[in-house]
Amino acid sequence: MTSRSNRFVFKLMKSFLILIPFICATGLCAATEQQVQQSPPPIDPKNMDTSVKPSDDFFRYANGAWIKRTEIPPEYSRWGAFNELIERNNDALHAIAEKASTTQVDPKLAPEPQKVGDYYASGMDEKTIEAMRTKPLEEEFQRIDAIKDRADLLKEIAHLHTIGIGSFFGFGAGQDAKDSSRDIAQAVQGGLGMPDRDYYTKQDADMKEKRQKYVAHVAKMLTLLGEPADKAAEDAKKILALETKLAEASRTRVQLRDPIKNYNKMGVRQLQDLTPDWNWSDYFKTIDLVAPGDINVHQPEFFKAANALFKSASIEDWKAYLRWHLIDATAPDLSKDFVDEDFDFKDRVLRGTEQIKPRWKRVILSEDDEIGEALGKLYVAFYFPPEAKERALELVNNLKEALADRIKTLEWMDEPTKQEALKKLAAFTVKIGYPDKWLDYSLLQIDRGPYVLNALRAEQFEADRDIKKIGKPVDRTDWGMTPPTVNAYYNSNMNEIVFPAGILQPPFFYPNADQAVNYGGIGAVIGHEMTHGFDDQGRQFDAKGNLRDWWTPKSAEEFKKRSGAIVQQYNEYQPLPGLHVNGELTQGENIADIGGVKLAYAALQKALDKHPEERNKKIDGFTPEQRFFLSFAAIWRQKIRDEDQKLRLTTDPHSPAQFRVNGPLSDLPEFQKAFNIPDGSPMVRAGDKRVNIW
């Protein structure tokens, strides 16, 4: 399925770093181990372009030969080191799902293999999927067709929310930002079919063209549902007009980064006053929320505008809008005509991708999204040994020590603020690999019937689980990602850093590599996530994860001065002609990139102090310090299609890959010294412009 569900609070409240999956680490997967043994060295001279000076463009110096010889595969919009490993990871998940689908098990004794196997089998049953087309969704479309008035309309919006169809607005559970011990209801802006409000509001030629193609795409989808072409074309225009009004009332991605402005807790009566033209008690009844309690309305102005639109748009327009959002969300799980049209707009038009992924890969991705802890439980049993967890914890502790040392010696932070920062660092929770407590899927029906119904039932299971959290104490064992996920995150409200199992293999961690390589890879990643606890957003939360100002005015002012310099630095970068990085949108990730590599370097120095025999040892002609920076650059090698780059410049809080390397390193005296780079070089920022927070 596409990202249709109400799991919006996690997306809003966490900081992410795009990572890579791990590959087989035990004797249970000999083929993958053989691949590892045959894989190139951690720092491969064949990937470097030594015609480029390290002082001019370190990203190209470290990765230039790889960039020259690498073509982006047609089914991807970008390709890099992590994608290569995603492919291996997909192969491992594929093997697990295939085996589960062909092995008879008693679901009472082994529920995970049964559900994983049946989900996969239903997704691979192309003959049935093609024959049934949208028949499994008939009841859902009938519900929309039966809407007679505004009360019916609200109930149907609420019903769609219970099956993961995010229309009109978002609603779910999330921690109270000022009392992180409890989950409360959260209401957020939403309801758009394109990736961001800018796609509706910007007036440049590219966005106008995207809107035209979006209208054509919506019309095509509606004709596939059986609407006459002229009516579908008219409905598509009305849907765009309706979504444009929602977009105009929505905050920008930069505005959404402010946790204080997104905290507007109110009672049900206050919320009802905000939207007088629909009845929240009907909504709560439909989603089975008995005691809503206080609700954090992240963007009150959005709900005021949504209320006006709810009242003014015709019932027929709303029905067209809901039909569109239902088919938009479920299209990847339907027959080939829907799948192809969905791919054509979302991947070909928006990202420049040339070819759709094979069906088995799409099914595996869906399965990880919908029942990821069932799949993940099988995954870690085969591919994640206990030693990997121990090694990760050791590295985390080394990085925590480096950050503590750094905080104690910061020249710009006063003593009272340092004490609070150290208290927060000491309180970090670390989650590695997989949950201590697995999700119980026993009440979720997964069978070999229609694929789309398996996906919808999984969404309903998750939405129901989410609503049941409201008003309850926070379950701190919960994970926001599945074990096979190729990512990691810092969660401000939990004050935790989380590394799914995928992090402890090349190119982040090599069991037999020198320390410089591992600190440049996994060390920089760990440092990145830790620094998120002290970036422009994370620093506003205390040791318990509460939104509270623990900074003295003087230290806060010094921080803002330095973070402002980071915004200015990244605003200068231009990945495509005339298109710049948004320094405000990417501020938190840039702070974490700079802090992460600096902390990892400091931790490496401590490690080398303990093993002085390694300090002067050169490998392939490079010192440990040089290998550290080469390893850091290598994990970000990447090529990206122009359309995907445009989309990411609008929506992605991370900077493009080359600036995730060159940006941080140009600020570090440690890098300048390691490669003996003269002042005034492109890879050395002038002293008065050099950024240094953590």
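Just so we're clear, the structure is a prediction, and the values are computed from it rather than from any experiment.
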Are the side chain of [X] and the backbone of [Y] linked by a donor-acceptor contact shorter than 3.5 Å?
| X | Y | result |
| --- | --- | --- |
| Ser366 | Arg362 | no |
| Gln255 | Thr252 | yes |
| Glu112 | Leu378 | no |
| Thr70 | Ile67 | no |
| Glu529 | Tyr490 | yes |
| Lys115 | Ala374 | no |
| Asn63 | Trp66 | no |
| Arg359 | Met124 | no |
| Arg133 | Asp337 | no |
| Thr103 | Ala100 | no |

All side chain to side chain donor-acceptor pair (under 3.5 Å) counterparts of Gln114, not counting sequence neighbours | Asp118
Please examine the side chains of [Y] and [X], heavy atoms only from C-beta on, and report whether any two atoms are closer than 4.5 Å.
| X | Y | answer |
| --- | --- | --- |
| Glu140 | His159 | yes |
| Val215 | Arg211 | no |
| Leu456 | Leu137 | yes |
| Val498 | Met481 | no |
| Met221 | Val218 | no |
| Ile364 | Tyr120 | yes |
| His217 | Val349 | no |
| Trp479 | Pro500 | yes |

Apply side chain to side chain contact (heavy atoms under 4.5 Å, CB included) to [X] and list each qualifying residue two or more places apart in sequence or on a separate chain.
| X | answer |
| --- | --- |
| Pro136 | Met132, Pro450, Val452, Leu453 |
| Glu209 | Lys213 |
| Asp340 | Lys336 |

Starting at [atom1] of [X], measure out to [atom2] of [Y] and round the result to the nearest 0.5 Å.
| X | Y | atom1 | atom2 | result |
| --- | --- | --- | --- | --- |
| Asp347 | Gln355 | CG | CD | 12.0 Å |
| Arg465 | Leu439 | CZ | CG | 4.5 Å |
| Ile157 | Leu322 | CD1 | CG | 5.5 Å |
| Leu647 | Arg351 | CG | CZ | 5.0 Å |
| Leu160 | Ile165 | CG | CD1 | 6.0 Å |
| Asn590 | His528 | CG | NE2 | 9.5 Å |

Salt-bridge present ([X], [Y]; N to O < 4.0 Å):
| X | Y | value |
| --- | --- | --- |
| Asp447 | Arg457 | yes |
| Glu75 | Lys361 | yes |
| Glu234 | Lys231 | no |
| Lys646 | Glu643 | yes |
| Arg257 | Glu584 | no |

Kindly state whether the ring of [X] and the ring of [Y] have centres lying under 6.0 angstrom apart.
| X | Y | value |
| --- | --- | --- |
| Tyr441 | Phe461 | yes |
| His161 | Phe169 | yes |
| Tyr214 | Phe345 | yes |

Hey, is NZ on Lys245 packed in by over 12 heavy atoms from elsewhere, all under 6.0 Å?
-> no
Please indicate whether Arg60 has more than 12 foreign heavy atoms, meaning atoms of other residues, nucleotides or ligands, lying under 6.0 Å from its CZ.
-> no
side-chain contact (heavy atoms from CB on, under 4.5 Å) between Trp360 and Asn90: does it pass, once the steps are laid out?
-> CA-CA 9 Å; Trp360 72 262; Asn90 283 340; 4.1 Å; yes
Minimum heavy-atom separation for [X] to [Y], with atom names?
| X | Y | answer |
| --- | --- | --- |
| Gln645 | Pro656 | NE2-CG, 3.6 Å |
| Ala236 | Leu222 | N-CD1, 4.4 Å |
| Gly449 | Asn454 | O-ND2, 4.4 Å |

Residues two or more places apart in sequence or in another chain: which of them pass ring pair (Phe, Tyr, Trp, His ring centres under 6.0 Å) with Phe338?
-> none
side-chain contact (heavy atoms from CB on, under 4.5 Å) between Ile327 and Leu334, intermediate numbers included | CA-CA 9 Å; Ile327 200 63; Leu334 299 175; 3.5 Å; yes
With under 30° as parallel and over 60° as perpendicular, where do the rings of Trp318 and Phe168 fit, or are they tilted in between?
-> perpendicular
Could you walk me through whether Asp644 and Tyr76 pass side-chain contact (heavy atoms from CB on, under 4.5 Å), step by step?
-> CA-CA 10 Å; Asp644 195 21; Tyr76 285 88; over 6 Å; no
From CA spacing to verdict: side chain to side chain donor-acceptor pair (under 3.5 Å), His298, Gln189 = CA-CA 8 Å; His298 287 235; Gln189 67 187 43; over 6 Å; no
Could you please spell out the steps behind the side-chain contact (heavy atoms from CB on, under 4.5 Å) verdict for Gln638 and Arg660?
-> CA-CA 11 Å; Gln638 184 189 88; Arg660 298 193 75 171; over 6 Å; no
Distance-only donor-acceptor pairs under 3.5 Å for side chains of residues 191-202, two or more places apart:
from: Asp196; atom 1: OD1; to: Arg253; atom 2: NE; distance (Å): 2.5
from: Asp196; atom 1: OD2; to: Asp198; atom 2: N; distance (Å): 2.9
from: Arg197; atom 1: NE; to: Ala247; atom 2: O; distance (Å): 3.3
from: Arg197; atom 1: NE; to: Ser250; atom 2: O; distance (Å): 2.9
from: Tyr200; atom 1: OH; to: Gly193; atom 2: N; distance (Å): 3.0
from: Tyr200; atom 1: OH; to: Met194; atom 2: N; distance (Å): 2.9
from: Tyr200; atom 1: OH; to: Glu243; atom 2: OE1; distance (Å): 2.6
from: Thr201; atom 1: OG1; to: Arg197; atom 2: O; distance (Å): 3.2

In terms of side-chain heavy atoms, does Thr485 have a donor or acceptor partner in Asn487 at a distance below 3.5 Å?
-> no
Strictly by modelled atom types, are Asp333 and Thr330 linked by a side-chain donor-acceptor pair under 3.5 Å?
-> no
Can Tyr451 and Thr128 be said to form a side chain to side chain donor-acceptor pair (under 3.5 Å), step by step?
-> CA-CA 9 Å; Tyr451 178 45; Thr128 301; over 6 Å; no
